[in-house]
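These numbers come from the heavy atoms of this one structure, side chains and all, not from hydrogens, waters or symmetry mates.
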Amino acid sequence: VPLSSLSEDQSLYFERQGTQIVLIYTNHEPKVFDSACPHLGCLVKWDQNEHVFLCPCHGAVFDDQGKVVKGPVNAPLKGIKFEIKNNMLVIA
């Protein structure tokens, strides 16, 4: 993904090797996570106004670092490794 195409508070969802992942761009920094909630696997949605991920199934909330803000889950979102090469974000 070209870094120049990302805008503040944007989220992009992709499927990679059978896994749904989400890229967010906040505070001028990209972050990539597995979008499956660790509770029961429901796909979280990025709320750009509140800067949190929301799980639609059981109300779990995660911050923009993937850390739990509100349960019932007690595990964070799984981070996905990436690198920046030639102004491109490349998912490992």
Side-chain angles (χ1 to χ4, degrees):
V1 177
L3 290 178
S4 62
S5 72
L6 299 175
S7 58
E8 190 65 19
D9 298 326
Q10 179 181 14
S11 64
L12 297 171
Y13 288 80
F14 303 94
E15 185 173 328
R16 181 177 170 271
Q17 299 175 347
T19 299
Q20 183 83 15
I21 61 173
V22 58
L23 170 127
I24 60 169
Y25 190 73
T26 61
N27 299 317
H28 306 288
E29 180 183 357
K31 300 167 190 130
V32 184
F33 301 96
D34 183 326
S35 64
C37 177
H39 181 236
L40 292 175
C42 298
L43 299 181
V44 298
K45 301 293 180 205
W46 174 245
D47 182 325
Q48 68 184 33
N49 296 319
E50 298 294 323
H51 287 241
V52 294
F53 290 99
L54 304 171
C55 179
C57 295
H58 298 101
V61 180
F62 304 87
D63 68 12
D64 67 354
Q65 302 295 316
K67 295 178 185 172
V68 178
V69 173
K70 177 182 168 200
V73 67
N74 57 11
L77 294 176
K78 179 182 174 189
I80 302 291
K81 293 182 181 185
F82 66 89
E83 58 187 12
I84 306 295
K85 286 185 176 181
N86 301 321
N87 289 320
M88 297 282 287
L89 182 141
V90 179
I91 297 170

>> Are the side chains of Ser11 and Leu23 in contact, using a 4.5 Å heavy-atom criterion?
In response: no
> Does Asn27 use its side chain to pair, donor to acceptor, with the backbone of Glu29 at less than 3.5 Å?
Replying inline: no
> If two hydrophobic side chains count as joined below 4.5 Å and joins carry through other members, does Val90 share a cluster with Val32?
Replying inline: no
> With a 4.5 Å heavy-atom cut-off, do Val1 and Phe14 have their side chains touching?
Replying inline: yes
>> Nearest 0.5 angstrom please: Ser4 OG to Met88 CE, how far?
In response: 8.5 Å
> Which residue pairs pass the disulfide bond (SG atoms under 2.5 Å apart) test with at least one member in residues 5-35, sequence neighbours excluded?
Replying inline: none
> What's the spacing between Lys45 NZ and Tyr13 OH if we round to 0.5 Å?
Replying inline: 5.5 Å
> How many angstroms lie between CG in Asp9 and CG in Asp64, if you round to the nearest 0.5 Å?
Replying inline: 9.0 Å
> Closest heavy-atom contact between Pro56 and Val44?
Replying inline: CD-CA, 4.5 Å
> Shorter than 2.5 angstrom, is that how the SG atoms of Cys42 and Cys55 come out?
Replying inline: no
>> Among Leu6, Val22, Leu89, exactly one meets side chain to side chain contact (heavy atoms under 4.5 Å, CB included) together with Leu12. Which residue is that?
In response: Leu6
> Are Ile21 and Ile24 joined in one hydrophobic group, where the rule is that I, L, V, M, F, W and Y side chains link up if heavy atoms are under 4.5 Å apart?
Replying inline: no
>> Nearest 0.5 angstrom please: Gln48 CD to Gln10 CD, how far?
In response: 9.0 Å
>> Listing request: all side-chain hydrogen bond (donor to acceptor under 3.5 Å, both in side chains) pairs with a residue in residues 72-92, at least two apart in sequence or in separate chains.
In response: Glu83-Lys85
> Between Val73 and Ala60, what is the shortest heavy-atom contact and its length?
Replying inline: CG1-CB, 3.6 Å
> What pairs meet the ring pair (Phe, Tyr, Trp, His ring centres under 6.0 Å) rule with one or both residues in residues 56-92, with sequence neighbours excluded?
Replying inline: His39-His58
> Which distance, rounded to the nearest 0.5 Å, do you find between the CG of Asp47 and the CZ of Phe53?
Replying inline: 10.5 Å
> If you round to the nearest 0.5 Å, how far is NZ of Lys31 from CD1 of Ile80?
Replying inline: 15.5 Å
